[in-house]
Student: 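Attaching a single structure in structure tokens format; questions to follow.
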Amino acid sequence: MLSATLRAMRIDLHTHSHVSDGTEHPAELIAAAHAAGLDVVALTDHDQTSGWEEAGAAALELGIGLIPGMEISTKTDAGISVHLLSYLHDPTHPGLLEEIELARDARITRARRMVELLAEDYPVSWELVAKHSAPGATIGRPHIADALVTAGVVTSRTEAFAQVLTARSRYYVGHYAMDPVKAVKLVRAAGGVPVFAHPMASARGRVVGEETFTAMIQAGLLGLEIDHRDNSYEGRKFLRALAEKHDLIITGSSDYHGTGKPNGLGENTTTTGMLERVLAAGTGSEAIGMPRL
Ligand code: AMP
Ligand code: FE
Ligand code: FE
Ligand code: ZN
């Protein structure tokens, strides 16, 4: 008897494990993605790829496709934070490695300084922050938020970000990150597929203007993450028009962080056609355990 499966593939291309600021081991994240009914998931920890191996083994075991990825911290001359997703790049590319290592180190110095400032008013310490991060994890404000929760200062990461950790807070300190145009070029040089993460997340802070999009596209940007809960409604319309004009890949993703954020796996998804474009453009590493698309 013939049984045709007409269910569309469920593809989520933006998630975090405790290699950065997610709350689960990479293998746990893959199990959660499988349980959520996803067919393909990308692991995109901030500024590092050390979760790829564990995630790949879990993906093969469970029968789910894994796109190895990363979310790179960058900053414009005007000081605007730009997150750049990279898929299928070569994780050993020296130029890219050097820059993400600089960003990770700068994040530690910056977090230590923020904790010093916070410790003037709240019962937090670097030791407490360290307890809330996995060894070697890319340190971010979410780890400081977890320490503030344990110290009883706030009840959740969300509350911490709404109060003491916002970029407008007196405890906020910035950190070095390369320019987004340089990041796009490095990702391409490493055989990766650069996709601008949540480009119109205006509630998080300032967003870049059209000139930055143009510069990034000229440098080799290949995609825009449009369906993401933090992009504004008006912003998505602008992004769709831009994608159309420049024939860019468009993605939709959850930006799942385990229990660290309300974002649920598969809450936004990417089409099979767009995933095929990502796979065709990425030459620096292999997707793992991919189902037939
Ligand atoms: P940082 O990279 O240290 O500047 O911190 C930014 C990170 O914090 C982002 O990667 C987000 O995942 C996370 N984040 C931002 N806003 C929130 C929020 N309201 N609740 C939980 N996590 C957040
Ligand atoms: Fe994050
Ligand atoms: Fe991001
Ligand atoms: Zn993210």
Side-chain angles (χ1 to χ4, degrees), residues 12-24 26 29 32-33 41-51 55 67-76 80-87 100 103-104 106-108 110-111 114 129 132-134 137-147 156-158 160-162 165-167 172 174-175 177-178 180 183-184 187 193-208 212 216 221 223-232 235 239 251-270:
D12 186 341
L13 296 182
H14 186 164
T15 72
H16 296 264
S17 75
H18 77 175
V19 160
S20 62
D21 54 0
T23 56
E24 297 161 327
L29 183 154
V41 65
L43 177 66
T44 53
D45 277 306
H46 297 285
D47 303 317
Q48 68 172 317
T49 59
S50 58
I67 307 291
M70 173 164 78
E71 184 174 15
I72 304 170
S73 311
T74 81
K75 195 160 70 175
T76 67
I80 301 174
S81 163
V82 168
H83 284 180
L84 184 72
L85 291 160
S86 170
Y87 300 111
I100 60 175
R104 286 210 304 275
R107 282 171 160 284
I108 293 172
R110 169 269 202 141
M114 283 188 71
V129 173
H132 286 283
S133 56
T138 303
I139 299 296
R141 282 178 284 164
H143 301 107
I144 303 176
D146 291 345
S156 66
R157 282 188 180 183
T158 307
F161 270 89
L165 297 182
T166 74
Y172 181 82
H175 65 82
M178 72 177 136
V184 166
V187 168
V193 184
V195 173
F196 195 154
H198 46 72
M200 298 301 264
S202 36
R204 285 190 183 199
R206 285 185 298 157
V207 298
V208 299
T212 302
M216 288 171 73
L221 183 73
L224 300 172
E225 184 183 57
I226 300 186
D227 290 318
H228 181 292
R229 65 159 67 201
D230 293 350
N231 284 330
S232 66
L239 294 171
T251 68
S253 299
S254 65
D255 204 354
Y256 175 76
H257 280 68
T259 57
K261 268 187 169 185
N263 308 32
L265 282 163
E267 70 173 30
N268 286 296
T269 54
T270 297

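Both counts, for ligands and for their atoms, begin at 1 and track the order of listing. The analysis underlying the following values was restricted to heavy atoms, covering all of them including side chains, and did not include hydrogens, waters or symmetry mates.
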Student: Among the N/O/S atoms of Glu71, which is closest to the Zn ion (ligand 4)? Give the atom name.
Tutor: OE1

Student: Can you see which heavy atom on Pro180 is nearest to which on Lys75, and at what distance?
Tutor: CD-O, 3.4 Å

Student: Where the Fe ion (ligand 3) is the corner point, what angle links OE2 of Glu71 with ND1 of His83, to 10°?
Tutor: 90°

Student: Between Asp47 and Arg107, does any side-chain N to carboxylate O distance fall below 4.0 Å?
Tutor: yes

Student: So if I apply the side-chain contact (heavy atoms from CB on, under 4.5 Å) rule between Ser17 and each of Thr44, Leu43, Thr23, which one comes out positive?
Tutor: Leu43

Student: Closest approach of Glu71 and Leu85, non-hydrogen atoms and distance?
Tutor: CB-CD2, 3.9 Å

Student: Any N/O/S atom of His257 sitting less than 2.8 Å from the Fe ion (ligand 2), backbone or side chain?
Tutor: yes

Student: With the Fe ion (ligand 3) as the point of reference, which N/O/S atom of His198 is the closest?
Tutor: NE2

Student: Would you say Arg204 and His198 are linked by a side-chain donor-acceptor pair, where the criterion is simply a distance under 3.5 Å?
Tutor: yes

Student: Suppose we call two aromatic rings close when their centres sit under 6.0 Å apart. Are His16 and His14 close by that rule?
Tutor: yes

Student: Tell me, which N, O or S atom in Asp255 is closest to the Zn ion (ligand 4)?
Tutor: OD1

Student: Examine His14 and say whether one of its N/O/S atoms is closer to the Fe ion (ligand 3) than 2.8 Å.
Tutor: no

Student: For the Fe ion (ligand 2), does an N/O/S atom of Asp255 lie at less than 2.8 Å?
Tutor: no

Student: With respect to the Zn ion (ligand 4), please indicate if His198 possesses an N, O or S atom at a distance under 2.8 Å.
Tutor: no

Student: Measure from the Fe ion (ligand 2) to every N/O/S atom of Asp21 and report the name of the nearest one.
Tutor: OD2

Student: What is the name of the N/O/S atom in His14 that sits closest to the Zn ion (ligand 4)?
Tutor: NE2

Student: Without hydrogens or angle criteria, can the side chains of Asn263 and Ser254 be said to hold a donor-acceptor pair below 3.5 Å?
Tutor: no

